[in-house]
Number of protein chains: 2
Amino acid sequence: MDQSAESAQPVHQGTAPAPQGDAAPAQKGTVTQRAIDQIKTMIGEGRLEPGQRLPTERDLATRLGISRSSMREAIRALTVLGVLEARHGSGIYVTQLEAGDLLETFGVVADLSRGPRLVELLEVRRVLESTATGLAAARITPDQLADVEKHLAAMNATDDPEEILSHDLAFHRAVALAAGNDTMAAILEGLSSRTFRARVWRGYQEEGAFERTRREHARIHRALVARDPEAARAAAAAHVGEVEEWLRGRLEAGQEGEAGGEAGAEEPGA
Amino acid sequence: MDQSAESAQPVHQGTAPAPQGDAAPAQKGTVTQRAIDQIKTMIGEGRLEPGQRLPTERDLATRLGISRSSMREAIRALTVLGVLEARHGSGIYVTQLEAGDLLETFGVVADLSRGPRLVELLEVRRVLESTATGLAAARITPDQLADVEKHLAAMNATDDPEEILSHDLAFHRAVALAAGNDTMAAILEGLSSRTFRARVWRGYQEEGAFERTRREHARIHRALVARDPEAARAAAAAHVGEVEEWLRGRLEAGQEGEAGGEAGAEEPGA
DNA sequence: TCAGCCATAGTGGTCCGACCACATCTGTGG
DNA sequence: CCACAGATGTGGTCGGACCACTATGGCTGA
């Protein structure tokens with residue numbers, strides 16, 4: 001009953017030389033790809049709900065008429081996409097399908113981009129960050145504002161680049177969260193992935209960026225306190241735009257060139 | 001240091017007692033996940049350049065000291081992320097790592113989102129679309145404008161919903177492209193994935209949306225011709241905002257409820 | 001000589017069956 | 001009643017076999 005359900009599927013494995021001629025199966029793409037699409041469709045149609053547990057790998061494989069190996073590849077694919085989550089010894093589950101789950105892969109994009117693409121990425125971030133900050137100015141709650149201030153203070157209290165970067169990220173994350181659009185916050189999170197920021201900063205910080213960053217953050221904070229969306233938007237745009245411009249100039253100058261290694265300023269750095 | 005501490009690694013399959021005494025195994029996460037990270041790192045560090053061909057699956061597996069099965073899962077994962085591309089019978093290659101390659105997965109997010117998340121997604125799209133349209137008004141070339149007009153005309157010339165949707169998508173794609181930021185265009189592309197748009201439209205189009213859409217597109221076009229960024233931005237924002245508002249109202253009204261199936265209005269459709 | 005065909009090697013795609021490591025349930029003994 | 005140990009189920013890993021597709025190069029025939 002399982003696979004080979006049809007009269008005489010080719011079925012790889014040495015057997016059945018029969019070409020195909022049949023109609024139904026509609027062989028398109030690899031088996032694994034088909035499995036991926038099927039599961040994705042099941043979720044899309046609501047047959048599989050967030051948090052729900054899926055059948056066993058072995059079961060799924062049998063049901064879709066493929067081997068466990070292929071099924072595992074499909075599962076792995078959906079896992080990295082943040083759609084499924086495999087718990088060793090327990091089972092496979094559908095994630096909550098929230099912004100954070102699905103947009104985690106966005107970080108990969110940021111990490112692997114370089115050269116001109118970095119500027120484009122920053123341009124996108126500038127647009128979204130300014131919007132989010134503007135919204136935050138109108139919606140932020142006292143608690144959220146306190147959280148923002150905590151990271152602002154922490155950032156001003158240290159000179160350790162590592163720590164500064166951490167609180168810098170946390171600062172923006174808190175602001176984005178206050179904007180009330182989780183999806184936007186998740187995208188911004190990816191756009192500000194640690195390695196991404198670290199790469200850009202490496203060169204940037206050598207030009208008195210710390211002080212400037214602190215000043216700009218303070219300006220954003222003032223706008224939030226004043227509940228002034230326009231000021232907040234402008235401050236955020238300027239903040240990101242500052243880095244964007246620096247990077248753009250740097251690219252147009254010498255550092256250009258697809259040369260595999262240094263366009264984005266990455267050094268093992270000790 | 002590492003987990004279980006016992007000097008002699010269990011090493012699964014009884015065989016191969018010699019791991020590789022080399023520097024720090026650093027057992028973290030699954031073997032496959034490690035392989036994914038390693039390849040990702042290789043690319044990030046420039047040791048693997050866009051378009052370059054990778055060693056054989058079998059080779060890679062041996063080099064990283066894992067089985068081919070695990071290596072295949074890793075490759076599959078990076079394939080769906082748009083980082084690698086496997087050509088049957090030929091080899092595995094690094095993609096060009098362009099915006100389009102990496103952001104293709106963005107469509108999955110749009111396809112799997114529902115309920116409140118749909119509104120958030122539209123909000124993001126409104127922000128980016130308006131920005132892109134504004135930029136396009138300032139930068140669009142005659143050729144690009146002609147392309148935009150082509151789809152505008154085609155959309156006005158038919159009443160087939162399917163075709164209208166196609167040209168609607170193409171219209172916005174052309175505009176986004178004219179903005180000169182491929183990354184932004186790629187994100188918008190994902191945010192306007194066919195199934196996503198179709199789902200929203202299903203209900204929307206029943207309220208005289210065609211006519212309204214045509215009018216709004218015409219307005220965007222006029223702004224582009226006039227090279228008026230502000231007008232273009234406003235027109236685009238209003239265009240997307242229209243749908244956004246409609247969907248928001250629809251959610252707040254009855255259709256709410258996490259109920260697995262209809263919050264986003266998806267029907268197998270005739 | 002040279003175009004075109006075909007055998008062949010090389011590579012990804014699929015499948016199988018085994019075993020390991022972890023989570024959970026279950027039943028027993030305290 | 002609880003704690004612990006075993007049994008069971010599930011994902012994780014492995015190795016090897018074979019299929020399907022590409023690409024290459026040599027061979028054939030004009």
Side-chain angles (χ1 to χ4, degrees), chain A residues 2-5 8-20 25 27-36 39 52-80 84-95, chain B residues 2-6 8-19 25 27-36 39 52-80 84-95:
Chain A
D2 34 320
Q3 53 130 247
S4 73
Q9 276 294 51
V11 194
H12 275 257
Q13 223 71 327
T15 68
Q20 60 267 40
Q27 300 283 68
K28 57 183 171 186
T30 70
V31 191
T32 302
Q33 188 55 52
R34 233 181 309 160
I36 293 177
I39 295 182
Q52 185 178 336
R53 184 190 152 169
L54 277 70
T56 308
E57 288 182 346
R58 295 161 172 94
D59 266 15
L60 280 172
T62 301
R63 294 195 198 190
L64 301 193
I66 65 179
S67 72
R68 193 185 160 206
S69 314
S70 300
M71 179 51 74
R72 273 189 61 76
E73 282 185 34
I75 291 171
R76 171 70 63 179
L78 291 170
T79 290
V80 300
L84 297 183
E85 182 192 347
R87 295 179 211 157
H88 191 163
S90 173
I92 307 167
Y93 303 78
V94 180
T95 67
Chain B
D2 27 336
Q3 45 128 259
S4 51
E6 65 276 29
Q9 280 293 51
V11 193
H12 277 253
Q13 217 73 324
T15 69
Q27 298 285 73
K28 56 184 173 188
T30 71
V31 190
T32 302
Q33 187 56 52
R34 230 179 313 159
I36 293 176
I39 295 182
Q52 183 177 337
R53 186 191 151 172
L54 276 68
T56 308
E57 288 183 347
R58 294 159 171 95
D59 266 15
L60 280 173
T62 300
R63 294 195 199 191
L64 301 192
I66 65 180
S67 73
R68 192 184 161 205
S69 314
S70 301
M71 178 52 74
R72 272 190 61 77
E73 282 185 34
I75 292 170
R76 171 70 61 175
L78 291 169
T79 291
V80 299
L84 297 183
E85 182 191 348
R87 295 179 210 157
H88 191 164
S90 173
I92 307 167
Y93 303 77
V94 179
T95 68

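Each chain gets a letter, A, B and so on, in the order the sequences are listed, and its residues count up from 1.
Counting any heavy atom pair closer than 4.0 Å across all strands shown, I75(A) reaches no nucleic acid atom. In this structure, S69(B) reaches the bases: a heavy-atom distance under 4.0 Å links it to at least one base atom across the strands shown.
One cannot find a donor-acceptor pair under 3.5 Å joining the base of dG12(D) and the side-chain atoms of R87(A). Judged by atom type and distance alone, R58(A) reaches the base of dG11(D) through a side-chain donor-acceptor pair under 3.5 Å.
Here the closest heavy-atom approach between residue A77(A) and residue V80(B) is recorded as CB-CG1, 3.6 Å. Between I39(A) and M71(A), the closest heavy-atom pair is CD1-SD, 4.3 Å.
Of the candidates dG11(D), dT14(C), dC14(D), the closest approach to any side-chain atom of I66(B) belongs to dC14(D). Nearest to the side-chain atoms of T32(B) among the listed nucleotides dG11(D), dT13(D), dT11(C) stands dT13(D). Taking the side chain of E57(A) as heavy atoms from C-beta on, and the options dT14(C), dG12(D), dT13(D), the nearest nucleotide is dG12(D). Ranking dG13(C), dG12(D), dT10(D) by closeness to the R72(A) side chain, first place goes to dG12(D).
Expressed to the nearest 0.5 Å, how far CZ of R72(A) lies from CZ of R76(B) amounts to 13.5 Å. Atom-to-atom distance recorded for R68(B):CZ and E57(B):CD is 4.5 Å, nearest 0.5 angstrom.
Going from atom CG of D59(B) over to atom P of dT11(C) covers 7 Å, rounded to whole Å. The interatomic distance linking H88(B) (NE2) with dC21(D) (C1') rounds to 4 Å, in whole Å. Rounded to whole Å, atom C1' of dG9(D) lies 16 Å from atom CG of L54(A). Rounding to whole angstrom units, CE of residue M71(B) and C1' of dG15(D) are separated by 15 Å. Separating the CZ atom of R34(A) from the P atom of dT14(C) is a distance of 8 Å, rounded to the nearest angstrom. In this structure, R68(B) places its CZ atom 12 Å from P of dG16(D), rounding to the nearest Å. Separating the CG atom of L60(A) from the P atom of dG12(D) is a distance of 13 Å, rounded to the nearest angstrom. For the pair L64(B) CG and dC14(D) C1', the computed distance is 15 Å after rounding to whole Å.
Residue T56(A) has no polar side-chain atom (N or O) positioned under 4.0 Å from OP1 or OP2 of dG9(D). Between R76(A) and dT13(D), a side-chain N or O to OP1/OP2 separation shorter than 4.0 Å is present. A close approach under 4.0 Å does occur between a side-chain nitrogen or oxygen of R53(B) and OP1 or OP2 of dT11(C).
Within the 3.5 Å criterion, the main-chain N or O of D59(A) finds no donor-acceptor partner in the side chain of T56(A).
Toward the 5' end of DNA chain C, the nearer of the two residues S90(A) and E73(A), judged by each one's closest nucleotide, is E73(A).
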